[in-house]
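Data block below; observations after.
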Amino acid sequence: MSNQRIVSRLKEISSKALDEVFGHKVDSSQLIVNQTKKEFDGNYTLVLFPFAKALRKGLPEIGEALSNYLTNLAEIRSCGLVAGFLNLEIETSEWKKELQLIAEDLNYGISSASGEKIMIEFSSPNTNKPLHLGHIRNILLGNSCARIHDALGYEVVETQVINDRGIAICKSMHAWQEFGNGETPDSTGMKGDHFVGKYYVAYNDALKEEYLKFQSSKEGLAFLDSKKKSEETAETFWSNYKNAYFNEHSTIGKATKEMLLKWEAGDSDTIALWKKLNDWVYSGFDKTYERLGVNFTKNYYESDTYKLGKESVEKYLKKGLFYKEPDGSVWIDLEDAGMDKKLVLRSDGTSVYMTQDIGTAQKRYEEFETTKMVYVVGNEQNYHFKVLFEILKQMEEPYADGLYHLSYGMVELPTGKMKSREGTVVDADDLMDEVIAEAKKSALEHGEIEGATDEERNEIYRKVGLAALKFQMIRVNPQKKMVFDPKESVDMQGTTGPYVQNAFVRIQSILRKMGAGSLEELHQEYELKEEEKELIILMSSYPDILKEAGSNYDPSLIASFGYSLAKAFHKFYHECSVLNAESEQAKNFRLVLIGQVSRLLEKSMAILGIEMPQRM
RNA sequence: GGUCUCGUAGCUCAACUGGAUAGAGCAGCUGCCUUCUAAGCAGCAGGUUUCAGGUUCGAGUCCUGACGGGAUCACCA
């Protein structure tokens, strides 16, 4: 965590000091300045070890000479040398100046528009079932990255590819047709995506039943005898044979595949049925997205994009980038780039996933001219994207250098992975209901919201509950797999969203009573407390943190910032009274200070899609 | 098996990209509400950073190897 202005100033003067005292020229960017550890005096620390060798002098000698030089500067109050660390204490007036700069900058942390465009793809659900916990991580990461890049001056295009075609949705369609008796989301009062998901489950139950029946039938037993390897048990054979059964024996499977063929042929009844179910699903997704607070600039539908890319492959086949096998399939050899050979067109000339992704990337660039494209997709597809990006690079696409796979780890439960077969999938809507209900319970225990209307109360429960959920999801480094404990997600204490909100709410309570502080009177005589300096140090690191979060595509850094700032505030709150401050100067300073703290808490959490209540 | 990835307190996560005695939260124990919201603060306890080597002033972080988890290696999406 570093402070842009003060740290770069410290590096600059240290570099100058080294030059003037020792005639040693070092670029200021080479210097290491860290925040001083709590157990030592000082605010920032210059690391001296690298100079011992370069100057062929002892660390004490270097330290003392630099101390003498630096202490004479207006910004530095004192220097302390511990081993190879030179601890610098910054002059009070500098802290006030820093606070003033933050307060006066209406766009603090925000970069002006660069004209650069970035596209972020996230969520990208299948339409056969509702969204679950895994989607929530994806969506929150994608949305946060979009907000981060907004703040960094990019024009952001948010998009999702909706997987609306294929065998999966046909399963739901078939099941609804067979067992639905014409019922609808309206007639059952169900949310559309859950309604369609119900039929997907029903389909799989029916298939399973059929499979079990086959296994015990004469035909099935004879089949088992003829195919089973001697070392296999019947159980493992059937479990491995599942997919092949679906493709080769199942009557329900056959009907479903026929449905898919009809869909591909454009059969009007099938298309109508398909549209009906998908529309139900979209109305359900819309509600979930709205509740999560996310929007998309543009949706791509796989039914429109699944044929893209073929022409490109054929074009680059002629150019020799791809090659054709005798059976007619088309491949690319990436062995020089450390990867395998990869199929891009089947022998029957149809395209595969990779082909479609190539085409979709090109189409997006044609439509939006985004030079950066981020794909928020789970890490199980790391290799796929490595290959995709390499192909696009070899095709010399203009955006090839701006491709990024924001690969995130799977979400697991304390009991292990979520498995739909075992019914352990955590549904997105249910989870939101749960955290909001828990926020309500918690508010009834500790909340101070007397006098609020029912509507206001519900808004508070919603904000607090969703804050708990969102913070819990985002605070973990995206790259890592995470364990999500539903019990912890409804926790409102410690490293949580509500903890951060509580800091904000406490500030609002003070500001309601006392009004804002005066910037003009900020520079009156007043010696800052450590807790106050700490808040300013943290706030001054915000622009750098935003940039780092952007360049690393890592929103967890923002969550971490918000928590640190809230924690520092809670400590300040305990140590320093605003209402009963020891002097008018102290009171005014604190009012200005907490005004900025509250502003940054709100802004940083807004980037994560977390809203702040006025009371809780 | 090949490739990639991860391994930090009982649990969930940090560690400013190589800097000081590895930090938080939860769970456990102890204090603090007549005072700006106790969804808070302070404290106790909890660690050979999986293991073994190496690189250097300095390694949780970089390199090599082992062990252990996960992912991926389809003319599936």
Considering only [options], which nucleotide approaches the side chain of [X] most closely?
| X | options | answer |
| --- | --- | --- |
| A:Lys53 | B:U56, B:A20, B:G19 | B:U56 |
| A:Pro498 | B:A20, B:A39, B:C36 | B:A39 |
| A:Leu579 | B:C36, B:A71, B:A20 | B:C36 |

Check whether any side-chain N or O of [X] sits under 4.0 Å from OP1 or OP2 of [N], and answer yes or no.
| X | N | value |
| --- | --- | --- |
| A:Tyr499 | B:A38 | no |
| A:Arg56 | B:C57 | no |
| A:Tyr563 | B:A14 | no |
| A:His574 | B:C41 | no |
| A:Lys386 | B:U3 | no |

- For the residue pair A:Tyr203 and A:His174, categorise the inter-ring angle as parallel (less than 30°), tilted (30 to 60°) or perpendicular (more than 60°). perpendicular

How long is the line joining [atom1] of [X] and [atom2] of [N], in whole Å?
| X | N | atom1 | atom2 | answer |
| --- | --- | --- | --- | --- |
| A:Tyr573 | B:C32 | OH | P | 19 Å |
| A:Lys441 | B:A39 | NZ | P | 16 Å |
| A:Glu302 | B:C76 | CD | P | 14 Å |
| A:Asp491 | B:G25 | CG | P | 13 Å |

- Side-chain donor-acceptor contact under 3.5 Å, A:Thr45 with A:Asn87: yes

- Item | Pair A:Asp491, A:Thr496: side-chain N/O donor-acceptor within cut-off below 3.5 Å | no

- Message: On the side chain of A:Asn502, is there an atom forming a donor-acceptor pair with the base of B:A38 - under 3.5 Å, no angle test?
- Response: no

- Query: Below 3.5 Å, does any donor atom in the side chain of A:Ser556 face an acceptor in the base of B:A14, or the other way round?
  - Reply: no

- Note on the structure: With sugar-phosphate taken as primed atoms, P, OP1 and OP2 and all else as base, the protein-contact string of nucleotides 8-13 of chain B at under 4.0 Å (heavy atoms; B, S, -) is ----BS

- Task: Can you tell me which residue pairs pass the side-chain hydrogen bond (donor to acceptor under 3.5 Å, both in side chains) test with a partner in residues 572-597 of chain A, sequence neighbours excluded?
- Result: A:Tyr526-A:Arg590, A:Lys529-A:Glu582, A:Glu532-A:Arg590, A:Glu582-A:Arg590, A:Gln596-A:Arg599

